[in-house]
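Keep in mind that what you see is a predicted model, and the values were worked out from it rather than measured. The residues of the chain are indexed from 1 along the displayed sequence. Just follow the structure's listing: the first ligand is 1, and inside any ligand the first atom is 1.
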Amino acid sequence: MTEARVYNFSPGPAMLPEEVLSQVRHELLDWRQTGMSVMELPHRGKAFQTLAVEAEQDLRDLLNIPANYSVLFLQGGAQAHFAFIPMNILGGFKNAAYVETGIWSRQSIAAAQNYCAVDIVTSSKASHYTTIADEKAWQIPKEAAYLYYVDNETVNGVEFPYVPNSGEVPLVCDMSSNILSRSIDVSRYGLIFACAQKNIAPAGLTIVIVRDDLLKRTPLKETPAPFRYDLQAEQKSVLNTPPTFIWYFAGLVFKWLKKQGGVAEMAKRSQQKSQKLYQFIDQSDFYHNPVEPRYRSRMNVIFTLADENLQQKFIAESTENGLTNLKGHRLVGGMRASIYNAMPEAGVDKLIAFLRDFEKNHR
Ligand code: PMP
């Protein structure tokens, strides 16, 4: 890693692969001999279209996306889709089913309630979102537009170790904070979406992977055209001006991922990085992680200090040591180390060494 750079544990916008950043810098003024920056290319022109098609294909290869799914590259972040999902795929249904496992599913439920009745099939709110109730105990209605869950709850540090069984009801998944960190069977899903700023690219892009039969459901008439999944699928995501620079960046990250060994390799690394960190936290009585081990996130490791008064000192000293953005979300407090694909294992090793020293000096 270049000396000037720090290990950035931010939950998003998050650390990006340095190799990709260098490539962007290298080709910033003149992209593939067009005499233009990629940011200046018209989105429907041949040059940008070559790039767009390549990026989509690389993502399809990485996640093994079947041909009957469309891949959309849309403007904006994930929260916007908390509304766009019901608007697009409620069809004639009056209700949708949601799994509540943390802050982000909580918010998506609130957004959906503006459009339909929401059946909460299970909620781990009573445990302060530190576990997930056994799937067998969920109450999934037979008649629902879809079953929605958040694969990785970024704030609460809770991740699904399995794909829920939704029967005949299409499964919808917010994969914003763990997409491309392990292999998935896309055919189990009706729709997967993810904002870019964690495991893909800079902020401003959301990727939607949607099974084509869901595109036949009639959207609510107030759905803005740039967020109509059916129209964007037809127009290859250029109905409006897409975030071209971020699309390009995402394409470079996809190529970087392929070079690293794809999502299987990312799964191996994520397992390794997160297990190390959890092991260290668990053997210490100075740090604590409240999440039931089976549901602990490989992407966002949350922890508290035994003495809350040390928090400010912890943040100041970790920052001084080149370990930044470890402060937890304002709603849950404590600390959080986000360790997405671009975080090298050396960053986690350095964090563990810091945790050890801090404990020694402050207990
Ligand atoms: N879902 C998850 C799982 C997230 O982590 C986040 C952002 N941290 C969001 C949704 C919201 O994303 P955005 O800020 O892009 O709207």
Side-chain angles (χ1 to χ4, degrees), residues 8-16 72-88 98-114 123-125 129 132 146-161 163-164 171-182 184 189 191-209 224 226-227 242-243 245-247 249-250 253 270 274 291 295-302 325-343:
N8 175 9
F9 292 92
S10 161
M15 199 165 175
L16 293 163
L72 314 178
F73 290 77
L74 304 180
Q75 280 195 0
Q79 279 195 60
H81 293 266
F82 293 178
F84 297 139
I85 285 166
M87 290 174 98
N88 275 284
Y98 278 69
V99 178
E100 186 188 344
T101 52
I103 302 281
W104 290 114
S105 39
R106 178 82 235 134
Q107 296 221 10
S108 49
I109 289 166
Q113 279 166 336
N114 291 321
S123 168
S124 49
K125 191 169 180 207
Y129 303 122
I132 299 172
Y146 54 84
L147 175 70
Y148 180 111
Y149 79 108
V150 180
D151 206 24
N152 182 66
E153 284 281 2
T154 324
V155 172
N156 306 89
V158 170
E159 187 176 23
F160 268 88
V163 181
L171 191 58
V172 170
C173 183
D174 178 352
M175 247 181 235
S176 290
S177 49
N178 66 350
I179 193 164
L180 293 163
S181 72
R182 59 184 175 192
I184 49 170
Y189 295 90
L191 186 151
I192 295 167
F193 73 109
C195 56
Q197 67 268 24
K198 299 165 193 301
N199 242 347
I200 303 179
L205 165 78
T206 293
I207 292 179
V208 179
I209 302 167
F227 298 102
F245 181 73
I246 307 167
W247 192 331
F249 201 112
V253 170
S270 300
S274 58
V291 180
Y295 300 110
R296 283 176 171 176
S297 167
R298 298 161 310 126
M299 300 284 109
N300 312 94
V301 178
I302 63 168
N325 294 310
L326 283 163
K327 195 162 188 266
H329 192 276
R330 62 192 187 288
L331 291 176
V332 297
M335 305 298 156
R336 170 174 46 168
S338 297
I339 48 176
Y340 303 118
N341 288 342
M343 173 62 67

Between Q75 (side chain only) and L205 (backbone N and O only), is there a donor and an acceptor less than 3.5 Å apart?
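It does not hold such a pair.
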
Under 3.5 Å donor-acceptor, T206 side chain and L74 backbone
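The answer is no, because no donor-acceptor pair under 3.5 Å joins these two groups.
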
Would you please determine whether Q107 falls within less than 4.0 Å of ligand 1 on a heavy-atom basis?
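Per 4.0 Å heavy-atom rule, Q107 does not contact ligand 1.
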
Working for salt bridge (charged side-chain N to carboxylate O under 4.0 Å, His left out), residues E100 and R106:
CA-CA 6 Å; E100 186 188 344; R106 178 82 235 134; 3.1 Å; yes

Out of [options], whose heavy atom sits nearest [atom]?
atom	options	result
atom 12 (O) of ligand 1	G12, A78, C173, S108	A78
atom 5 (O) of ligand 1	N300, D174, T154	T154
atom 15 (O) of ligand 1	Q197, K198, Q79, M175	Q197

Is it true that the side chains of N300 and N152 contain a donor and an acceptor less than 3.5 Å apart?
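A pair is found: one side chain offers a donor N or O, the other an acceptor, under 3.5 Å apart.
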
Does N152 approach ligand 1 within less than 4.0 angstrom via side chain, backbone, both or neither, non-hydrogen atoms only?
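Just the backbone.
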
Using the rule given for salt bridge (charged side-chain N to carboxylate O under 4.0 Å, His left out), can you reason through E159 versus R296, listing the C-alpha separation, both sets of side-chain angles and the distance that settles it, and then say yes or no?
CA-CA 6 Å; E159 187 176 23; R296 283 176 171 176; over 6 Å; no

Atom 6 (C) of ligand 1 [closest protein heavy-atom partner, distance rounded to 0.1 Å]:
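Going atom by atom, the protein heavy atom closest to atom 6 (C) of ligand 1 ends up being W104 CE2, 3.5 Å.
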
